[in-house]
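Convention: sequence-line order gives letters A, B, ...; per-chain numbering from 1.
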Number of protein chains: 2
Amino acid sequence: MVSADPRPRRRADAERSIARIVSAARETLSRDPSATVDDIAKTAGVGRMTLYGHFRTRPELVEAALVDALHDGERMLTGLDLGGDAQMAMNRLLASSWLLVAESAALLTAAQGVLTPGRLRELHNAAADRMEQLIRRGQRQGVFRTDLPLTWLVNAVHYILNGAAEETRLGRLDPADSPGIVIATVQAILAAPAVDGLPQQPGTNT
Amino acid sequence: MVSADPRPRRRADAERSIARIVSAARETLSRDPSATVDDIAKTAGVGRMTLYGHFRTRPELVEAALVDALHDGERMLTGLDLGGDAQMAMNRLLASSWLLVAESAALLTAAQGVLTPGRLRELHNAAADRMEQLIRRGQRQGVFRTDLPLTWLVNAVHYILNGAAEETRLGRLDPADSPGIVIATVQAILAAPAVDGLPQQPGTNT
DNA sequence: TGAAAGTCGTACTCATCCATACGAGTTATG
DNA sequence: CATAACTCGTATGGATGAGTACGACTTTCA
């Protein structure tokens with residue numbers, strides 16, 4: 001399961017080009033999901049032919065960009081404690097991943113239009129699962145609501161994340177305030193409704 | 001300010017064609033925001049040339065479809081009581097407009113890619129204002145939270161609406177359940193956080 | 001019923017973008 | 001330093017989709 005290189009021999013400058021291209025693809029597609037191959041090549045400061053030398057088709061390039069972003073996510077979450085109080089864990093998860101998710105929202109859109117749903121799910125599942133497990137744990141702890149479908153809760157969080165990303169990109173939200181706003185909103189969505197005079201399962205919230 | 005007809009004389013069959021085209025545009029663009037003029041004409045059961053006879057460019061057609069959808073919204077809200085308790089009013093607003101908003105979500109996306117931001121705002125402002133006023137009133141009543149930017153609250157509701165629309169379209173949400181889920185989620189987002197032992201302004205919730 | 005209005009197919013131009021072909025020049029690396 | 005790997009411009013092919021031109025046919029309506 002170690003990352004196997006089908007192409008072990010590659011020159012240093014080629015490696016550099018690929019890195020610049022992938023980076024440019026992430027940047028460009030995050031601003032405009034329908035960006036042209038030529039746009040991406042220009043942003044990378046590289047001829048279009050060089051790009052095609054490494055990525056045979058546009059979908060292949062988009063996938064590479066998405067995979068790179070997801071790898072960043074995994075790396076970022078390494079060593080992040082998702083145990084303990086689910087609410088706190090969720091806040092930590094959001095605080096550390098919000099920026100990446102925000103930046104990659106449009107990239108995900110681009111991928112949706114170009115990759116098969118199956119392939120997309122395969123790539124994106126790890127991230128989605130993590131969120132789902134955490135919410136489920138919060139439900140068992142009694143701090144997250146259980147009266148709405150789990151799938152909806154997971155996706156509602158995503159929609160809020162992407163929405164906040166867009167608001168930030170459009171300048172309607174101060175990037176400095178965004179994390180706090182996202183956390184507060186997600187908390188509100190997930191929180192178990194504390195009915196007046198019927199404070200949920202007592203004893204579960206230490 | 002009455003709707004002025006720049007083209008008073010128009011034959012009955014032309015009127016019919018236009019209606020079918022606009023309807024087809026709404027339907028088609030709501031499924032695929034990047035639908036072709038040809039697609040729309042086919043859906044309308046009309047030749048492409050007929051379509052071009054009434055709408056000179058694609059943007060013009062998209063705008064007509066959006067305007068039609070917005071008119072539907074206005075018509076739907078006529079006679080809807082938005083007074084009284086803001087929370088209840090919001091529930092009524094969502095219950096009656098959710099379906100239309102859901103259907104028009106993708107249409108709005110199409111419009112965003114084709115209309116100038118100014119023009120789009122001009123068309124869409126009435127609907128957005130209504131939501132904003134209602135939230136503001138709820139804040140004055142003490143039932144909606146005031147610790148997040150008003151703009152964000154308005155747009156967060158929109159993102160949830162569109163998200164629910166997408167979930168429904170993808171079959172991940174039962175259309176019968178959607179309204180209830182949307183209402184519950186929006187309530188959670190807007191509700192003033194009832195701090196334990198500090199139940200907000202007493203006397204406002206009769 | 002006849003002229004104006006509307007319908008609509010075919011064929012065309014124009015622009016954009018993906019992808020390939022070729023080939024000359026440049027750089028890494030054993 | 002020689003060769004293989006890489007870069008990259010120009011040109012080309014092919015697909016798609018917007019919008020126009022033209023002209024024959026049909027429908028409305030005064």
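The NZ atom of A:Lys42 sits 13 Å away from the C1' atom of C:dT16 (whole-angstrom rounding). Note: CD1 (B:Ile40) to C1' (D:dG19) measures 14 Å, nearest angstrom. The separation between B:Glu15 atom CD and D:dC29 atom C1' is 14 Å, rounded to whole Å. Here C:dT20 presents its C1' atom at 14 Å from CG of A:Leu51, a figure rounded to the nearest Å. In this structure, the CZ atom of B:Arg56 is 11 Å from the P atom of D:dG19, given to the nearest Å. As a whole-Å value, the separation of A:Phe55 CZ from D:dC6 P is 13 Å. A straight line from CE of A:Met49 to P of C:dT26 spans 18 Å, rounded to a whole angstrom.
The pair B:Glu15-B:Arg11 fails the salt-bridge criterion, with no side-chain N (NZ, NE, NH1 or NH2) lying under 4.0 Å from an Asp/Glu carboxylate O. A salt bridge links B:Arg130 to B:Glu74: one of the charged nitrogens lies within less than 4.0 Å of a carboxylate oxygen.
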Tabulated below should be each protein N or O lying under 3.5 Å from an N or O of nucleotides 1-5 of chain C; please produce it.
{"from": "C:dA5", "atom 1": "N3", "to": "B:Arg11", "atom 2": "NH1", "distance (Å)": "2.4"}

Expected rows: protein N/O vs nucleotides 16-18 of chain D N/O, under 3.5 Å:
{"from": "D:dA18", "atom 1": "OP1", "to": "B:Val37", "atom 2": "N", "distance (Å)": "3.4"}
{"from": "D:dA18", "atom 1": "OP1", "to": "B:Arg58", "atom 2": "NE", "distance (Å)": "3.4"}
{"from": "D:dA18", "atom 1": "OP2", "to": "B:Val37", "atom 2": "N", "distance (Å)": "3.4"}

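Closest heavy-atom contact between A:Ala164 and A:Leu173: O-CD2, 4.2 Å. A:Leu80 and A:Arg92 get closest at one heavy-atom pair: CD2-O, 4.2 Å.
Inspection of the B:Thr50 and B:Ser17 side chains reveals no N or O donor paired with an N or O acceptor under 3.5 Å.
OP1 or OP2 of C:dG6 has not a single side-chain nitrogen or oxygen of B:Ser17 nearer than 4.0 Å. For the OP1/OP2 pair of C:dG6 and a distance below 4.0 Å, the side-chain nitrogens and oxygens of B:His54 include no atom meeting the criterion.
Residues A:Ile21 and A:Phe55 are in side-chain contact: their nearest non-hydrogen atoms beyond the backbone lie under 4.5 Å apart. Side-chain contact check for B:Arg10 versus B:Ile18: some heavy-atom pair is nearer than 4.5 Å.
Partners of B:Asp38 according to the salt bridge (charged side-chain N to carboxylate O under 4.0 Å, His left out) rule, which considers only residues two or more places apart in sequence or in another chain, are B:Lys42, B:Arg48.
Proximity note for B:Arg16 (side chain, C-beta onward) versus D:dA21, D:dT28, C:dA28: the nearest is D:dT28.
Shown here is B:Arg172, whose CZ atom has more than 12 heavy atoms of other residues, nucleotides or ligands within 6.0 Å.
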